[in-house]
Amino acid sequence: MSVYSELYEFNELLLLNLKFGREDIKKISQGFTYIGDIIDGKNVLKGSDGEFLLNYIKNLGQTDALSQIDYLTERKVYIKKYKDESFADYKKYSSLYVKIFFMLGVLVAVLLA
């Protein structure tokens, strides 16, 4: 969840940078935890999510600014979808873990009584 959340914010900053400024990608990525690792080519996620991230980074800076704006705007939709899906999974599994630990606590209390 946090990787896609950061990627969404990074994408927004890149769009603003292409429209109004010309900062280096490394400088923009300094405030993020995972983005620097992704730019360096490290696999932060596995499977199709990792391929999506690598393709995203690989296509940055390959064309002119107007084409990059179009590309980043298109990717924004996909990143938002992945971010929302991962947030839903996070909420589902985090509540599941709370319930499991609560049940384990009740079981331990019953066994000790």
Side-chain angles (χ1 to χ4, degrees):
M1 178 190 81
S2 58
V3 173
Y4 281 118
S5 179
E6 278 192 8
L7 187 64
Y8 185 80
E9 291 176 30
F10 179 71
N11 193 61
E12 290 294 315
L13 282 176
L14 280 178
L15 279 168
L16 287 174
N17 184 45
L18 283 171
K19 291 178 182 177
F20 302 112
R22 295 289 190 246
E23 295 289 327
D24 187 35
I25 290 177
K26 289 282 190 179
K27 185 180 273 189
I28 296 171
S29 69
Q30 286 177 350
F32 298 100
T33 306
Y34 299 107
I35 301 300
D37 292 339
I38 295 169
I39 290 173
D40 292 337
K42 297 179 184 173
N43 284 336
V44 177
L45 298 175
K46 295 182 180 6
S48 63
D49 292 334
E51 289 179 23
F52 175 78
L53 293 175
L54 290 176
N55 286 334
Y56 175 82
I57 295 298
K58 184 177 73 173
N59 289 323
L60 293 180
Q62 297 296 321
T63 58
D64 62 311
L66 292 176
S67 298
Q68 284 292 299
I69 291 172
D70 292 340
Y71 173 74
L72 292 173
T73 305
E74 175 195 351
R75 294 286 104 187
K76 179 180 174 180
V77 174
Y78 292 108
I79 294 169
K80 179 142 178 64
K81 181 183 88 163
Y82 286 137
K83 183 179 108 172
D84 292 342
E85 288 174 0
S86 64
F87 183 70
D89 287 344
Y90 174 76
K91 283 178 58 175
K92 177 175 71 171
Y93 289 120
S94 67
S95 67
L96 176 67
Y97 291 136
V98 169
K99 291 174 186 174
I100 288 172
F101 287 121
F102 176 73
M103 293 302 292
L104 286 174
V106 169
L107 179 66
V108 167
V110 168
L111 290 176
L112 291 177

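Since this is a predicted model, take the numbers as computed values, not measurements.
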**Student:** Which donor-acceptor pairs under 3.5 Å do side chains of residues 69-76 form with protein atoms, sequence neighbours excluded?
**Tutor:**
from, atom 1, to, atom 2, distance (Å)
Tyr71, OH, Asn59, ND2, 3.4
Thr73, OG1, Ile69, O, 2.7
Lys76, NZ, Glu12, OE2, 3.1

**Student:** Within a strict 4.5 Å, meaning less than it, do heavy atoms of the Asn43 and Leu54 side chains meet?
**Tutor:** yes

**Student:** So which heavy atom on Asn17 is nearest to which on Glu23, and how close?
**Tutor:** OD1-N, 2.8 Å

**Student:** In Å and rounded to the nearest 0.5 Å, what is the CG to CD distance from Asp37 to Glu6?
**Tutor:** 9.5 Å

**Student:** Rounded to the nearest 0.5 Å, how far apart are CG of Asp84 and CD1 of Ile79?
**Tutor:** 12.0 Å

**Student:** Which heavy atom of Leu60 sits nearest a heavy atom of Gln68, and at what distance?
**Tutor:** CA-OE1, 3.6 Å

**Student:** Could you see if Leu16 belongs to whatever hydrophobic cluster contains Ile39? Use Ile, Leu, Val, Met, Phe, Trp, Tyr and a side-chain cutoff under 4.5 Å.
**Tutor:** no

**Student:** Mind checking what makes ring-ring contact (aromatic ring centres under 6.0 Å, His included) contact with Phe52, not counting sequence neighbours?
**Tutor:** Tyr82

**Student:** Once ring pair (Phe, Tyr, Trp, His ring centres under 6.0 Å) is applied, what residue pairs with a partner in residues 19-43 remain, sequence neighbours excluded?
**Tutor:** Phe10-Phe32

**Student:** To the closest 0.5 Å, what do you measure between CD1 (Ile28) and CG (Leu13)?
**Tutor:** 6.5 Å

**Student:** How is the hydrophobic cluster of Leu111 composed, in terms of its other members, when Ile, Leu, Val, Met, Phe, Trp and Tyr link through side-chain heavy atoms under 4.5 Å apart, directly or indirectly?
**Tutor:** Leu107

**Student:** Can you list the residues that meet the side chain to side chain contact (heavy atoms under 4.5 Å, CB included) rule with Asp64, with sequence neighbours excluded?
**Tutor:** Leu66, Ser67

**Student:** Return yes when atom NZ of Lys26 has more than 12 non-hydrogen atoms of other residues, nucleotides or ligands closer than 6.0 Å, and no otherwise.
**Tutor:** yes

**Student:** Taking only residues two or more places apart in sequence or in another chain, which ones pass ring-ring contact (aromatic ring centres under 6.0 Å, His included) with Tyr56?
**Tutor:** none

